[in-house]
Amino acid sequence: MLLAITRLAEKGAADAALCKQYGHECRVVSSLRSEIRSSTIQTFVLAASDNEFDAIFFTSALPAQKIAPLLNPSITKTTRVIAIGPQTAKVLHESGIAAETLPTYYSRDFVPYLGSWIKEKRIGIPRADVPNPDLINAIEEAGGMAFEYRCYGLEPTNEPLNLDGVDAILFTSANSYKMAILPPLTSSILPMAIGEITAAAMRAGGLEPKVVGDGSLEGTLKNLKAYLRSSE
């Protein structure tokens, strides 16, 4: 199958190889574009290098791509580095940053993952300029301190997604669906969501996902495989 995957242009490099493992091809289609804030990144890197954080939480691969090469790998001797999912962890590992990965790929699982350790700990969060009050509140209610660095903005591309010839479209975030300009979807195009939060946004917009992943691309591809088998 040819899958259209809604990614930022900078985040789709690893998708083709993973899709190929499952017998598919993919095309990155972008409903959003990023606006990198270099000064904020530099401020974060200086703070991290000065050991101002007990833990750093990377909530997506893009800030990891921009920040990991600027960090000294030895930072992990004093600071826990945590990735939201396997793609983000891979980016960190490629820059020599040893990172833990959440067992489930949602920011809501960050505080339960750290447990009581989080009390009185300083958590640095380089992320998109998209509010996540639930994460911040959870950290503070657990006795931690959250320091957000909104190191890139997200803006709609305002361009229709190119779905010519695709067999399925995979939305990788709620915003990538909400901001998408979709051509009319024919019944031959299979709508998919990377996880339940994205699936909820699709349903609210009137599009029922036929395949819902676990929050990761690989988990979605596994569920797609099961769906296709059950449809034979």
Side-chain angles (χ1 to χ4, degrees), residues 1-32 58-62 82-91 93 100-110 112-113 130 132 134-135 157 159-232:
M1 297 177 71
L2 175 58
L3 314 180
I5 303 179
T6 62
R7 294 281 199 196
L8 293 174
E10 304 92 328
K11 293 173 64 174
D15 292 348
L18 188 55
C19 286
K20 187 176 181 179
Q21 290 181 26
Y22 286 83
H24 305 299
E25 298 178 69
C26 71
R27 173 192 302 160
V28 171
V29 293
S30 300
S31 52
L32 298 165
F58 285 96
T59 61
S60 73
L62 181 56
I82 298 150
I84 196 168
Q87 294 277 48
T88 304
K90 181 180 178 183
V91 170
H93 293 162
E100 306 167 47
T101 306
L102 293 185
T104 52
Y105 314 133
Y106 296 95
S107 60
R108 68 188 180 204
D109 298 316
F110 177 70
Y113 173 74
V130 178
N132 189 345
D134 291 342
L135 173 61
T157 60
E159 297 176 357
L161 300 185
N162 177 11
L163 303 185
D164 292 347
V166 307
D167 301 295
I169 179 166
L170 169 59
F171 292 98
T172 61
S173 71
N175 279 334
S176 73
Y177 170 74
K178 293 175 183 177
M179 299 296 183
I181 299 178
L182 283 170
L185 293 183
T186 66
S187 58
S188 63
I189 296 179
L190 186 72
M192 304 193 296
I194 200 166
E196 60 187 59
I197 294 174
T198 304
M202 292 170 65
R203 293 186 183 108
L207 181 61
E208 179 65 32
K210 300 299 184 183
V211 176
V212 179
D214 63 356
S216 71
L217 175 58
E218 185 161 19
T220 308
L221 292 171
K222 288 178 179 178
N223 289 355
L224 172 60
K225 183 177 181 179
Y227 173 84
L228 293 174
R229 282 180 174 173
S230 68
S231 301
E232 291 176 352

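By convention here, the first residue in the shown sequence is residue 1.
Distance alone, capped at 3.5 Å, is enough to place a donor-acceptor pair between the S231 side chain and the Y227 backbone. With hydrogens and angles disregarded, no donor-acceptor distance shorter than 3.5 Å links the side chain of H24 to the backbone of C19. A side-chain donor-acceptor contact under 3.5 Å links Y106 to the backbone of E196. Without hydrogens or angle criteria, D164 side chain to V166 main chain gives no donor-acceptor distance under 3.5 Å.
Side-chain contact between L3 and L221 is present, with at least one heavy-atom pair separated by less than 4.5 Å. Proximity of Y105 to D214: side-chain heavy atoms (C-beta onward) are separated by under 4.5 Å at one or more points. Put simply, the side chain of L182 reaches to within 4.5 Å of the side chain of F171, judged on heavy atoms. S30 is listed as a side-chain neighbour of V28, based on a closest heavy-atom distance under 4.5 Å. When side chains are defined from C-beta on, I194 does not count as touching V212, because their heavy atoms never get closer than 4.5 Å.
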- Task: Apply the test side chain to side chain contact (heavy atoms under 4.5 Å, CB included) to residues T172 and L170: give CA-CA distance (whole Å), side-chain angles for both, the deciding distance (0.1 Å), then the verdict.
- Result: CA-CA 6 Å; T172 61; L170 169 59; 4.3 Å; yes
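Between R203 and E208 there is a salt bridge, since at least one side-chain N of the basic residue sits less than 4.0 Å from a carboxylate O of the acidic one. Using a cut-off of 4.0 Å between Lys/Arg side-chain N and Asp/Glu carboxylate O, D134 and R108 are scored as not salt-bridged.
The heavy-atom pair separating D15 from L217 by the smallest distance is OD1-CD2, 3.3 Å. Nearest heavy atom pair, residue L190 against residue V211, reads CD2-CG2, 4.1 Å.
Side-chain atoms of N175 and S173 form no donor-acceptor pair, as typed in the model, at a separation below 3.5 Å.
For the side-chain contact (heavy atoms from CB on, under 4.5 Å) test, residues two or more places apart in sequence or in another chain that qualify with E100 are R80, I82, Y113.
The CG atom of L161 lies 7.5 Å from the OG1 atom of T6; values are rounded to the nearest 0.5 Å.
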